[in-house]
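Keep in mind that the numbers below use all heavy atoms, side chains included, and drop hydrogens, waters and symmetry copies.
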Amino acid sequence: MIEPIRYDRETDKLLLIDQRKLPLKHEVLELTNYKDVARAIENMVVRGAPAIGITASYGLVLSVANPGSKDRKENFRAARERLGETRPTAVNLFWALDRMEETFRRSKGKGLKGSLLEEAERIKQEDIRANREMGKNGAQLLKDEPQILTHCNAGGLATGGYGTALGVIRGALEAGLEPFVWVDETRPRLQGAKLTAWELKQVGIPFKIIVEGAAPSLMARGKVDAVVTGADRIAANGDTANKIGTYGLALDAEAHGVPFYVAAPLSTIDLDLEKGQGIPIEERKEAEVLELEGTRLAPEGAKAYNPAFDVTPANLIDHIITERKVLSPPFEEEIASAFD
Ligand code: MRU
């Protein structure tokens, strides 16, 4: 199993696989304080909604384990604020920070670090269990030898270690369905070509990388049986924010009668938001579009606009696969019942 995030109890260090370097280099960064953790989330050393939440939880553990010259509680509060400013779209971040804050409130001075570490470990283990359940639930929607198209990376690297969309694909493999995957390369940061392809190789699932513009033509030629993506935030009506380009894929799938599935744990559902319009969309630096691995592509002086996510309206989604059950439209009621 891929373990992108690990806390070393002996040394109080957070160990993160540096996802910016994969697949060419496998480097592990060792972080000792929350400021470095916040930067690692912003710079996408670690990314993917559940993984961001888990990492931030350990960032809060570090804030009391290694507070420097500051008072532990004061440092925890500063860390809570700083980590909450890192990436706005993935609701798992705020969900995890709230859980950690609740633990902080309940713990008394001496056992503080232990209680926070226990809660962070629980968040990670719950995520892995939820992913496996999603895998089993999602596999039931797929036929034998399915050709599945996925976008970005919603795999072990983006979670506690198994994956949401890739978890469903792994669930299909474990159910004996022999899946094949079309991997959308996913501009601008190429999470598909780099990370999803790397993971599929690790687990032995056959795949081919495609440029994003290829998806509709593959669908038109009957080469896609289902699209499965992850999510960064799902509103109470089922509208879903995910990596930029997901909305276009959902429109392509609708036009070609291809089922479109979103796989996400309940921690990605934001019951406080009625519809997708309220989801904050992160806008990242234009350099990610204008350059490739530090090499300028666009003419000097060219400008770029770089929204990192888009919102797919619920009416384009056939099912939302959660750890509890597979949700079907109309999603308002189904989502509410999944939380009962
Ligand atoms: O910008 P990223 O790489 O963090 O975006 C990740 C995605 O869009 C994933 O699909 C989503 O977070 C789900 S990860 C299980």
Side-chain angles (χ1 to χ4, degrees), residues 2-6 14-29 31 34 36-59 82-97 123-124 127-128 131 150-167 183-200 202 229-233 240-246 262-265 267-268 279-285 287-289 292-293 306-310:
I2 295 157
E3 198 175 16
I5 310 153
R6 191 166 70 79
L14 180 61
L15 310 183
L16 298 176
I17 295 181
D18 189 343
Q19 300 190 27
R20 298 168 305 177
K21 304 276 172 67
L22 286 173
L24 301 181
K25 286 190 193 144
H26 190 289
E27 282 179 15
V28 175
L29 295 187
L31 308 182
Y34 79 82
D36 287 346
V37 173
R39 269 192 293 273
I41 295 173
E42 283 167 348
N43 297 339
M44 294 173 70
V45 166
V46 61
R47 26 66 50 204
I52 292 170
I54 294 164
T55 303
S57 306
Y58 287 121
R82 173 71 183 95
L83 289 161
E85 289 165 356
T86 51
R87 295 196 70 192
T89 306
V91 76
N92 307 62
L93 169 64
F94 307 98
W95 170 88
L97 290 175
I123 289 172
K124 176 174 157 180
D127 185 62
I128 296 172
N131 282 193
T150 192
H151 190 60
C152 195
N153 171 265
L157 289 166
T159 60
Y162 187 77
T164 57
L166 281 199
V183 177
D184 238 359
E185 64 174 355
T186 315
R187 281 283 291 153
R189 292 191 64 116
L190 304 176
Q191 290 94 327
K194 290 177 165 185
L195 307 178
T196 298
W198 181 77
E199 282 198 36
L200 289 171
Q202 306 279 312
T229 74
D232 279 79
R233 192 185 295 228
T240 295
N242 192 48
K243 180 52 55 196
I244 190 82
T246 305
V262 170
S267 57
T268 301
I279 300 176
I281 300 294
E282 178 184 6
E283 291 179 9
R284 295 186 60 86
K285 289 192 189 127
E288 289 184 348
V289 176
L292 193 62
E293 312 277 305
N306 186 16
F309 301 97
D310 58 25

Atom pair CZ (R6) and CG (L15), whose distance is rounded to the nearest 0.5 Å
5.0 Å

Spell out, as yes or no, whether a donor-acceptor pair under 3.5 Å connects the side chain of D18 to the backbone of R20.
yes

Tell me whether K124 is salt-bridged to D127, with the criterion being a basic N under 4.0 Å from an acidic carboxylate O.
no

Any chance you could lay out the side-chain hydrogen bond (donor to acceptor under 3.5 Å, both in side chains) test for R47 and Q19, step after step, and finish with the verdict?
CA-CA 8 Å; R47 26 66 50 204; Q19 300 190 27; 3.1 Å; yes

R187 side chain to V289 backbone, donor-acceptor under 3.5 Å
yes

Evaluate the criterion side-chain contact (heavy atoms from CB on, under 4.5 Å) for residue pair I52 and V46; output intermediate values, then yes/no.
CA-CA 7 Å; I52 292 170; V46 61; 5.6 Å; no

Rounded distance (nearest 0.5 Å) linking atom CD of E85 with atom CG of L93:
10.5 Å

Side-chain touch R233/P280, heavy atoms, less than 4.5 angstrom
yes

Pairwise distance CG(L157) to CD(Q202) - rounded to 0.5 angstrom:
8.5 Å

For the CH2 atom of W198 and the CD atom of Q191, what is their distance to the nearest 0.5 Å?
15.0 Å

R189: side-chain hydrogen bond (donor to acceptor under 3.5 Å, both in side chains) partners, not counting sequence neighbours:
E288

Is any side-chain heavy atom of T164 closer than 4.5 Å to one of V262?
no

Here's a test for you: under side chain to side chain contact (heavy atoms under 4.5 Å, CB included), which of V183, L22, L166 qualifies with E199?
L166

Nearest heavy atoms of T150 and A165, plus distance in Å
OG1-CB, 3.9 Å

Is it the case that the side chain of H151 and the backbone of G192 share a donor-acceptor pair, with hydrogens and angles ignored and the cut-off at 3.5 Å?
no

Closest non-hydrogen atom pair, I54 against T159:
CD1-C, 4.1 Å

I'd like to know if E42 and R82 make a salt bridge, using a cut-off of under 4.0 Å between side-chain N and carboxylate O.
yes

When every non-hydrogen atom of K243 is compared with those of D310, the smallest separation belongs to O-OD1, 3.6 Å

Closest non-hydrogen atoms of I5 and A51, given as atom of the first, atom of the second and distance, are CD1-O, 3.6 Å

Determine the minimum heavy-atom distance between N92 and S267, stating which atoms define it.
ND2-OG, 3.2 Å

Determine the minimum heavy-atom distance between T268 and V91, stating which atoms define it.
O-CG1, 3.4 Å

Would you call I123 and W95 a side-chain contact if the rule is heavy atoms closer than 4.5 Å?
yes

Side chain T89, main chain E282, donor-acceptor under 3.5 Å
yes

For F309, ring pair (Phe, Tyr, Trp, His ring centres under 6.0 Å) partners two or more places apart:
none

Any non-hydrogen side-chain atom of L16 less than 4.5 Å from a side-chain atom of Y58?
no

What distance separates S57 OG from L83 CG, expressed to the nearest 0.5 Å?
9.0 Å

Atom pair CG/OG1 of L200 and T196 - distance to nearest 0.5 Å:
6.5 Å

